[in-house]
Amino acid sequence: MVNRRPTLIAALTLTAAAALTLSACGSDDSSKNDNDKIAGADTGNDKSASPSPSESDTSGRPKITFPSDAKNVFEYEKTGNAAKDAALADSTLSVNSVDEAIFEASTGTKALGFYNTGKALESSITYVQRYIDGGDSWTGETRYFNYKVTLSGANKAYVTYCSDESKSFIKDRKTNKVDKTPSDDSSYVLYNASLTKNAEGVWQTSNIASNRGNKACQP
């Protein structure tokens with residue numbers, strides 16, 4: 001089975017799971033499959049707004065752009081807590097920044113290092129490089145849902161969420177050939193992310209782990 005995210009989550013789990021306080025989110029962090037990807041899920045109780053990849057609503061933040069054939073959709077309800085909502089929004093921009101680097105075939109994009117730091121940044125760079133070396137990109141739609149956020153002090157947040165990868169596919173960068181692998185239970189992934197607010201007020205993803213095929217994320 002060929003998946004859109006074959007290496008990033010596994011790599012991040014290995015480097016970050018020990019440091020990630022997943023108990024704050026009430027989820028486990030094990031990743032037992034090297035084939036991790038993402039895309040569309042239907043969930044009845046997830047409402048809300050998804051930031052466009054190109055949004056740059058805060059001065060000084062890098063603009064993120066996607067090709068016309070690829071889209072990430074983020075579904076979550078704002079909590080009403082300014083810090084939690086900021087962490088949620090920046091967690092989605094972290095995801096977008098990694099995908100933009102894939103589309104640009106570059107690990108030096110401004111957004112990648114802006115929204116990611118530490119082990120998450122290191123593993124994201126390795127992951128993007130794998131795409132570059134393989135001559136691959138991706139196409140389709142990815143939806144993220146079932147968001148939960150917990151704060152720990154003023155500068156630490158933990159975000160859990162699900163994804164469904166059934167509508168995103170590997171695309172050969174040169175030939176544009178798309179590998180439309182059928183979806184199954186492994187298309188659904190539970191993510192646990194640790195974010196740290198930096199001096200500029202950006203909630204950077206510093207650690208992330210996943211559990212592929214987690215029943216909590218399946219329809």
Side-chain angles (χ1 to χ4, degrees), residues 5 8-9 12 16 19-29 36 38-64 66 71-100 111-121 124 141-165 168 188-211 214 216-217:
R5 294 189 181 275
L8 172 63
I9 303 307
L12 288 179
L20 200 56
T21 310
L22 296 174
S23 59
C25 302
S27 305
D28 85 81
D29 66 357
D36 284 358
I38 323 181
D42 294 323
T43 56
N45 51 5
D46 296 298
K47 306 172 181 175
S48 145
S50 111
S52 163
S54 61
E55 283 185 358
S56 179
D57 55 2
T58 302
S59 178
R61 289 179 173 241
K63 183 177 181 181
I64 297 175
F66 276 23
K71 183 180 182 181
N72 283 337
V73 175
F74 305 95
E75 295 184 344
Y76 63 88
E77 293 184 352
K78 290 186 176 181
T79 67
N81 177 288
K84 287 184 177 181
D85 290 340
L88 284 169
D90 281 350
S91 75
T92 70
L93 292 170
S94 168
V95 173
N96 280 343
S97 72
V98 174
D99 284 328
E100 181 194 44
L112 191 62
F114 191 90
Y115 291 108
N116 302 279
T117 190
K119 296 296 185 181
L121 177 58
S124 294
E141 180 179 294
T142 299
R143 185 171 295 165
Y144 299 84
F145 58 98
N146 282 357
Y147 275 83
K148 296 178 183 178
V149 58
T150 304
L151 297 177
S152 178
N155 299 311
K156 197 75 175 179
Y158 301 96
V159 178
T160 65
Y161 54 94
C162 295
S163 71
D164 167 6
E165 309 168 336
S168 64
Y188 299 90
V189 186
L190 173 67
Y191 294 88
N192 295 273
S194 174
L195 291 84
T196 303
K197 187 169 72 171
N198 67 13
E200 288 71 43
V202 179
W203 288 90
Q204 295 180 302
T205 297
S206 54
N207 286 297
I208 191 167
S210 73
N211 185 301
N214 192 287
C217 295

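As the structure is a computational prediction, the values presented were derived from the model and not from experiment.
Shortest non-hydrogen contact noted between A120 and S124 is O-OG, 2.7 Å. Across all non-hydrogen atoms, the minimal contact from D90 to G201 is OD2-O, 4.4 Å. The heavy-atom pair separating A111 from P62 by the smallest distance is CA-CG, 3.7 Å. Listed here is the closest heavy atom pair of S152 and Y158: CB-CE1, 3.7 Å. Annotation for C217 and F145: closest pair O-CZ, 3.5 Å, computed over non-hydrogen atoms. A pairwise comparison of heavy atoms in F66 and E100 identifies CE1-N, 4.0 Å as the closest pair.
If you take CG on N72 and CD on E141, they are separated by 8.5 Å, rounding to the nearest 0.5 Å. Atom CG of N192 and atom CG of N211 lie 8.5 Å apart (nearest 0.5 Å). Rounding to the nearest 0.5 Å gives a distance of 8.0 Å between CZ of R143 and NZ of K71. Within the model, atoms OG1 of T160 and CD1 of I208 stand 11.0 Å from one another, a figure rounded to the nearest 0.5 Å. Rounded to the nearest 0.5 angstrom, T92 OG1 and Y144 OH are separated by 10.0 Å. Separating the CD atom in E75 from the OH atom in Y147 is a distance of 9.5 Å, to the nearest 0.5 Å.
Every side chain to side chain donor-acceptor pair (under 3.5 Å) that N116 has, sequence neighbours left out, goes to S94, S97. Evaluation of the side chain to side chain donor-acceptor pair (under 3.5 Å) rule for K156 yields S194, T196 as partners, not counting sequence neighbours. By the side chain to side chain contact (heavy atoms under 4.5 Å, CB included) test, A216 pairs with N214, sequence neighbours left out. Listed by chain and number, the residues in a side chain to side chain donor-acceptor pair (under 3.5 Å) with N155 amount to none (sequence neighbours excluded). Checked against side chain to side chain donor-acceptor pair (under 3.5 Å), T79 has the following partners two or more places apart in sequence or in another chain: D85.
Remark: side-chain polar atoms of Q204 are paired, donor with acceptor, to backbone N or O of F114 under 3.5 angstrom.
Side-chain contact between V202 and Y115 is present, with heavy atoms from C-beta onward closer than 4.5 Å. Side-chain contact check for N81 versus L151: some heavy-atom pair is nearer than 4.5 Å. Taking 4.5 Å as the limit, every side-chain heavy atom of S91 sits out of range of all side-chain heavy atoms of F74. Side-chain contact between Y161 and L88 is absent, with no heavy atoms from C-beta onward closer than 4.5 Å. At least one side-chain heavy atom of V98 sits under 4.5 Å from a side-chain heavy atom of L112. At a threshold of 4.5 Å between non-hydrogen side-chain atoms, the residues Y191 and V95 do not count as touching.
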